[in-house]
Amino acid sequence: MNSEIEVHTDERSLLPGQEGVTFNAYVDGHKVECVITGIALKSQFKDPDKPIMEIFADNQDVIGSMATFLISARPERVDGAVVIRAEDLKDFLTV
């Protein structure tokens with residue numbers, strides 16, 4: 001069974017201490033909070049001097065695709081939150 005996944009990168013906010021950026025996805029209408037770490041943003045998008053919210057905005061299509069991929073790959077593990085780490089993004093960007 002395929003789930004309907006909608007990622008809303010426009011529903012984003014900065015985590016305290018710039019630890020990452022949260023955004024929402026909806027799986028069959030159920031909200032899933034997604035987080036991409038600040039380390040993932042700075043290291044994988046190769047722009048360490050830019051604020052992470054700008055890096056996120058500049059790369060939101062790729063980030064949304066990554067969230068969709070992670071949710072689709074393991075829908076049984078989606079328990080209301082998905083975290084995108086640097087190693088996840090590195091693997092995704094090299095495919």
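Contact record, Ala67 with Val7: CB-CG2, 4.4 Å, taken as the closest heavy-atom pair. Between Ser72 and Ile5, the closest heavy-atom pair is OG-CD1, 3.2 Å. The two residues Ile84 and Ile63 come nearest to each other via the heavy atoms CD1-O, 4.1 Å.
At least one donor-acceptor pair closer than 3.5 Å links the side chain of Asp28 to the backbone N or O of Glu4. The main-chain N or O of Pro51 is never found under 3.5 Å from a side-chain atom of Lys42 such that the two would form a donor-acceptor pair.
In this structure, the separation between CG on Asn59 and CD on Glu54 is 11.5 Å, given to the nearest 0.5 Å. The distance from atom CD of Gln18 to atom CD1 of Ile52, rounded to the nearest 0.5 Å, is 5.0 Å. Note: Leu70 CG to Arg85 CZ = 10.0 Å, rounded to the nearest 0.5 Å. Remark: Glu6 CD to Thr68 OG1 distance equals 10.0 Å, nearest 0.5 Å.
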Given side chain to side chain contact (heavy atoms under 4.5 Å, CB included), test Ile71 with Val82 step by step and report yes or no. CA-CA 8 Å; Ile71 293 167; Val82 171; 3.8 Å; yes
Evaluate the criterion side chain to side chain contact (heavy atoms under 4.5 Å, CB included) for residue pair Met53 and Val21; output intermediate values, then yes/no. CA-CA 7 Å; Met53 287 297 274; Val21 177; 3.7 Å; yes
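For Phe56, the ring-ring contact (aromatic ring centres under 6.0 Å, His included) partners are Phe23, not counting sequence neighbours.
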If you look only at distance, which donor and acceptor atoms sit under 3.5 Å apart when one is on a side chain in residues 33-40 and the other is two or more places apart or in another chain?
unit_1: Thr37; atom_1: OG1; unit_2: Ala40; atom_2: N; d: 3.0

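Crowding of Tyr26 atom OH: a count of heavy atoms from other residues, nucleotides or ligands under 6.0 Å exceeding 12.
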